A.B. asks: 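One structure is given below, represented as structure tokens, and several questions about it will come after.
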Amino acid sequence: HWRDYLAGMLVVHQSFVPRRSLAPEYRTDNLCADYEWCIRILRQSRENMLVSQPLTRYLMGGISKKRHRQSLFDRFTIMKEQFGLVQALMAHGWIVVRALLHRIQRMGKARY
């Protein structure tokens with residue numbers, strides 16, 4: 001469901017196979033345009049199918065990792081537009097908590 005994307009990117013856009021009529025053009029002014037693209041498709045769809053087989057293989061990273069700070073601001077902008085200000089703030093609060101917990105778990109371990 002599109003509201004589940006409040007928790008973050010659940011399915012990568014490379015694995016979305018939408019009807020062309022549901023697939024809007026990507027924004028070019030936002031590093032998280034793929035995130036919004038997935039939400040917009042799910043909001044319009046009447047039926048979705050989960051395929052339990054891998055559809056794509058991709059490398060982690062990309063420009064949103066290289067420009068991480070801007071990516072966070074861009075994602076917040078999209079969350080605010082799609083879910084509202086209060087829910088966007090709460091979701092980002094949880095993102096900060098998860099990041100801190102992850103950093104604590106990784107203390108003393110090699111970087112990846």
Side-chain angles (χ1 to χ4, degrees):
H1 192 269
W2 69 272
R3 289 193 185 275
D4 295 332
Y5 270 69
L6 189 58
M9 191 75 159
L10 302 175
V11 177
V12 295
H13 67 283
Q14 295 93 331
S15 292
F16 262 65
V17 186
R19 286 190 180 138
R20 178 66 188 121
S21 61
L22 296 179
E25 294 294 323
Y26 262 62
R27 289 172 68 158
T28 58
D29 63 340
N30 192 301
L31 292 179
C32 294
D34 56 344
Y35 176 71
E36 180 188 41
W37 186 80
C38 294
I39 292 170
R40 289 174 66 192
I41 290 170
L42 289 171
R43 285 184 92 157
Q44 295 179 67
S45 68
R46 285 183 266 144
E47 185 178 346
N48 301 304
M49 180 187 303
L50 175 64
V51 178
S52 58
Q53 302 284 335
L55 296 179
T56 56
R57 291 181 65 183
Y58 65 96
L59 298 172
M60 296 295 290
I63 194 142
S64 61
K65 290 291 182 193
K66 292 176 184 167
R67 294 167 51 187
H68 189 68
R69 185 176 301 250
Q70 181 184 350
S71 175
L72 291 174
F73 283 107
D74 288 352
R75 182 175 56 193
F76 181 79
T77 299
I78 289 172
M79 288 177 121
K80 187 173 69 170
E81 290 171 3
Q82 297 293 326
F83 303 106
L85 177 62
V86 173
Q87 287 186 315
L89 287 170
M90 289 175 30
H92 274 75
W94 178 239
I95 289 167
V96 169
V97 168
R98 282 190 348 228
L100 290 172
L101 291 173
H102 180 73
R103 185 161 287 189
I104 290 168
Q105 286 177 330
R106 299 286 309 159
M107 280 182 149
K109 295 181 181 174
R111 295 187 74 169
Y112 48 77

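Note: hydrogens, waters and symmetry copies are ignored here, and every other heavy atom, side chains too, is used. In this text, all values refer to a predicted model and were calculated from it rather than measured experimentally.
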A.B. asks: Any non-hydrogen side-chain atom of Ile39 less than 4.5 Å from a side-chain atom of Arg3?
C.D. replies: no
A.B. asks: Is the shortest side-chain heavy-atom distance between Ile95 and Arg75 below 4.5 Å?
C.D. replies: yes
A.B. asks: For the residue pair Phe76 and Leu89, establish whether any side-chain heavy-atom pair is separated by less than 4.5 Å.
C.D. replies: yes
A.B. asks: Tell me if the OH atom of Tyr26 is crowded by more than 12 foreign heavy atoms within 6.0 Å.
C.D. replies: yes
A.B. asks: Which atoms form the tightest heavy-atom contact between Leu85 and Lys80, and what is the distance?
C.D. replies: CD1-CD, 3.7 Å
A.B. asks: Taking all non-hydrogen atoms of both residues into account, name the closest pair between Ala91 and Leu6 and its distance.
C.D. replies: CB-O, 3.6 Å
A.B. asks: State, with a plain yes or no, whether a side-chain heavy atom of Leu31 is found less than 4.5 Å away from one of Arg67.
C.D. replies: yes
A.B. asks: Met79 versus His92: any side-chain heavy-atom pair under 4.5 Å?
C.D. replies: yes
A.B. asks: Could you verify whether a donor N or O on one side chain and an acceptor N or O on the other, from Thr77 and Asp74, lie under 3.5 Å apart?
C.D. replies: no
A.B. asks: So do the side chains of Ser71 and Cys32 get within less than 4.5 Å of each other, counting heavy atoms only?
C.D. replies: yes
A.B. asks: Is the closest basic N to carboxylate O distance between Arg20 and Glu25 below 4.0 Å?
C.D. replies: yes
A.B. asks: Please determine, by modelled atom types, if Arg40 and Gln82 share a side-chain donor-acceptor pair under 3.5 angstrom.
C.D. replies: no
A.B. asks: In Å, rounded to the nearest 0.5 Å, how long is the span from CD of Glu36 to CD1 of Ile41?
C.D. replies: 10.5 Å
